[in-house]
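Below: one structure, written as structure tokens.
What you are looking at is a predicted structure, and each value in this text was computed from that prediction instead of being measured.
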Amino acid sequence: MCKEKNISKNLACVLTILIVSLFSTKCYGSPEILNVRHWTAPDHTRIVLDVDGEPDYEIKESENLLVLNFMEASLNKSIPAKIFINKPGITKIIFHQYDENKVEIEFSLNKHQKVEVFKLRKFQDKPNRIVVDIMLEQGPMEGKTTDQIIELKPKKIIVIDAGHGGEDPGAVGKRKTYEKNVVLSISREVQKAINRMSGYRAVLTRDGDYYVSFNKRLKKAKDTGASLFISVHADAARNRSAKGSSVYCLSTGAASSEAAKLLARNENLSDILGGVPENEGNNESSSIIMNMFQTNTINLSKIYAGILIKHLSAVCNIKNKTVQEAPFRVLKLPDIPAVLIETAYISNPQEESLLKKSSFQKTLAAAIASSISEYLSGTAAAAQCEVALKKDNETGKADKIQDDEITTAYYRVKRGDTLFSVAEHFNTKVALLLKLNKLKLDDPLWAGRKIIVPAGKIENKNNTAAVSTAVKKKSKSPKKPSKYYMVKKGDTFSLVAKNNSTTVNELLKINHMKITDPLLYGLKIKLP
């Protein structure tokens with residue numbers, strides 16, 4: 001009798017455990033909707049649902065209603081039955097929990113163009129997410145923005161890219177300062193400083209707390225015909241004593257340091273953190289882009305980066321006094337010089353406080369604006385010089401390329417070559433290479449192409465395919481300059497011209513140079 005009772009008790013216990021296990025398994029397998037957030041950008045309103053598991057849902061859409069049906073899910077108790085949003089494209093969200101595992105979410109929409117719903121998998125500190133993007137109908141002003149910019153035809157358009165935004169906060173300081181907020185404030189100050197300069201206009205990639213994909217940031221630069229693209233960020237490191245500003249350019253190969261490599265890797269994750277549909281985020285075709293890349297654009301970026309570092313060093317601490325290189329996705333613009341500036345270390349308590357100060361933001365903005373003026377006004381001066389030379393050529397009054405006879409040879413361009421590296425290798429000027437080959441500075445230098453170089457200056461005969469018989473005749477009345485000047489550290493074309501009572505145009509013309517040619521320390525140049 002006792003044995004029968006014990007067996008019954010044991011059987012009851014086993015059944016109880018099995019029942020509890022079944023219910024537990026079912027509950028555990030049903031994801032819970034934890035939280036709801038929303039962001040508004042100029043072209044869309046984004047709703048984000050945080051989920052603690054892999055969500056499975058069905059979508060039903062009518063004119064002004066979007067419904068997500070979850071057959072296996074539950075709502076967190078903190079989520080109210082209704083959330084009134086009243087943002088462009090949406091008025092409210094209604095949550096229904098019909099039974100233990102069935103959830104229905106209604107999105108009440110108003111004027112909108114279309115709705116995009118997609119999932120984002122768990123990544124770093126971000127849970128699984130469901131993103132609802134309500135694409136807005138463009139009003140008359142939004143539709144004219146790019147056209148108006150192009151129609152106004154300002155001398156130069158500068159695109160200022162405030163990093164991160166929305167779902168992607170960027171680095172976070174010890175006092176909970178978000179990188180996305182401080183870089184937006186700095187970018188707005190840079191925009192104001194640029195717009196105060198005659199003939200310049202600044203355009204922001206984002207002007208609020210929302211995320212913009214890499215593709216859209218780059219598209220804005222292309223659509224506006226930008227002369228320069230500057231991405232603004234704030235650095236972070238485990239070592240809280242690390243401080244200072246750095247300027248980065250794109251590298252098509254290895255990064256200039258391990259730190260630069262890690263930084264680029266972190267920054268390139270923004271699309272994953274910020275939330276981008278797969279068809280947009282994976283549309284980079286990096287191998288094709290890299291093959292099409294104009295190396296001269298990267299060289300122009302480095303020239304501007306050097307000028308930017310000089311101006312920044314006057315107002316803040318510089319960590320890296322040379323231009324750094326890394327494969328940043330946000331800098332992959334084939335024909336627009338682009339740099340990324342790490343303004344300061346948000347992980348450093350002192351610099352975190354500094355980044356939040358309006359006075360520092362304005363000082364930083366002024367330095368960036370002045371660097372843009374020096375770089376682009378010089379480019380404009382060189383362009384005027386080219387027009388003058390062209391007119392002289394048409395009337396037969398142009399000076400010869402060089403006073404001495406030049407025997408030319410052919411050089412086959414190798415992978416990685418630039419006009420600057422070839423000119424340096426053959427101890428000649430970029431301007432001379434451009435004239436010999438009838439090239440422009442921004443023309444691509446394809447690997448395998450034959451170009452003309454001064455044969456008398458060839459150091460390595462293996463690099464020469466064939467020697468040309470063309471010989472430039474001596475000028476009948478060569479005009480020799482009165483003196484030479486040895487370039488000193490910190491010199492610029494403007495400074496040399498001013499100190500020698502001449503103009504930048506005259507300096508460039510007599511030395512057969514462009515304003516974008518590097519003015520290297522120790523270089524001997526002619527003076528009128």
Side-chain angles (χ1 to χ4, degrees), residues 11-40 44-87 89-110 112-135 166-169 210-211 213 269 271-282:
L11 187 60
C13 288
V14 169
L15 288 171
T16 304
I17 291 168
L18 283 171
I19 292 166
V20 170
S21 299
L22 286 170
F23 276 106
S24 299
T25 304
K26 192 174 181 181
C27 292
Y28 181 77
S30 301
E32 183 182 19
I33 299 167
L34 304 170
N35 190 26
V36 184
R37 298 186 308 286
H38 57 84
W39 319 91
T40 301
H44 71 281
T45 293
R46 169 167 290 189
I47 313 297
V48 180
L49 304 172
D50 290 337
V51 189
D52 71 350
E54 184 71 30
D56 188 19
Y57 54 87
E58 291 180 352
I59 302 172
K60 291 182 181 178
E61 188 177 354
S62 57
E63 186 178 354
N64 285 315
L65 185 67
L66 172 74
V67 179
L68 300 184
N69 282 318
F70 298 80
M71 300 309 295
E72 295 289 336
S74 61
L75 288 171
N76 189 279
K77 292 179 180 179
S78 63
I79 297 177
K82 290 183 182 179
I83 297 178
F84 292 93
I85 296 179
N86 291 323
K87 296 290 182 183
I90 184 167
T91 56
K92 63 184 177 181
I93 306 174
I94 301 174
F95 298 88
H96 301 285
Q97 178 86 56
Y98 288 117
D99 54 41
E100 285 184 351
N101 296 308
K102 187 176 180 182
V103 172
E104 186 179 87
I105 304 177
E106 295 180 1
F107 299 82
S108 298
L109 310 176
N110 52 28
H112 67 286
Q113 192 176 34
K114 62 176 181 176
V115 179
E116 293 180 357
V117 183
F118 56 94
K119 293 188 281 189
L120 295 172
R121 291 185 178 181
K122 185 177 180 181
F123 185 77
Q124 292 183 357
D125 61 339
K126 298 283 186 183
N128 285 283
R129 289 168 286 168
I130 300 170
V131 178
V132 179
D133 276 347
I134 301 150
M135 313 309 292
E167 282 281 274
D168 177 21
Y210 49 86
Y211 185 73
S213 70
L269 294 174
D271 268 2
I272 298 174
L273 293 169
V276 173
E278 287 185 10
N279 59 348
E280 183 180 340
N282 296 335

[atom1] of [X] to [atom2] of [Y]: how many Å apart, nearest 0.5 Å?
| X | Y | atom1 | atom2 | result |
| --- | --- | --- | --- | --- |
| Asp52 | Leu34 | CG | CG | 4.5 Å |
| Asn110 | Glu63 | CG | CD | 11.5 Å |
| Ile93 | Ile85 | CD1 | CD1 | 3.5 Å |

>> One pair to check against side-chain contact (heavy atoms from CB on, under 4.5 Å): Phe107 and Val115. What are the steps and the verdict?
In response: CA-CA 11 Å; Phe107 299 82; Val115 179; over 6 Å; no
Go through the structure and list residues passing salt bridge (charged side-chain N to carboxylate O under 4.0 Å, His left out) with [X], not counting sequence neighbours.
| X | value |
| --- | --- |
| Lys114 | Glu116 |
| Asp50 | Arg37 |
| Glu61 | none |

> Does the side-chain contact (heavy atoms from CB on, under 4.5 Å) test come out yes or no for Asn128 and Glu54, once each step is laid out?
Replying inline: CA-CA 7 Å; Asn128 285 283; Glu54 184 71 30; 3.9 Å; yes
> Taking only residues two or more places apart in sequence or in another chain, which ones pass side-chain hydrogen bond (donor to acceptor under 3.5 Å, both in side chains) with Asn76?
Replying inline: Glu32, Ser78
>> Holding to side-chain hydrogen bond (donor to acceptor under 3.5 Å, both in side chains), I want the full list of residues that pass it with Lys92, two or more places apart in sequence or in another chain.
In response: none
State which residues pass side chain to side chain contact (heavy atoms under 4.5 Å, CB included) with [X]; sequence neighbours excluded, sorted by chain then number.
| X | value |
| --- | --- |
| Glu106 | Leu65, Val67, Ile94, His96, Glu104 |
| His44 | Ala41, Arg46, Asp133, Met135 |
| Thr45 | Thr40, Ile47, Lys87, Pro88, Ile90, Leu136 |

> Any donor and acceptor pair, going by atom type alone, linking the side chain of Ser108 with main-chain N or O of Thr91 inside 3.5 Å?
Replying inline: no
> Should we say atom CG of Asn64 is surrounded by more than 12 heavy atoms from elsewhere, each under 6.0 Å from it?
Replying inline: yes
> Under a 4.5 Å cut-off applied to non-hydrogen side-chain atoms, are Val117 and Leu66 in contact?
Replying inline: yes
>> I need the full list of ring-ring contact (aromatic ring centres under 6.0 Å, His included) pairs touching residues 48-78, with sequence neighbours left out, sorted by first then second residue.
In response: Tyr57-Phe70
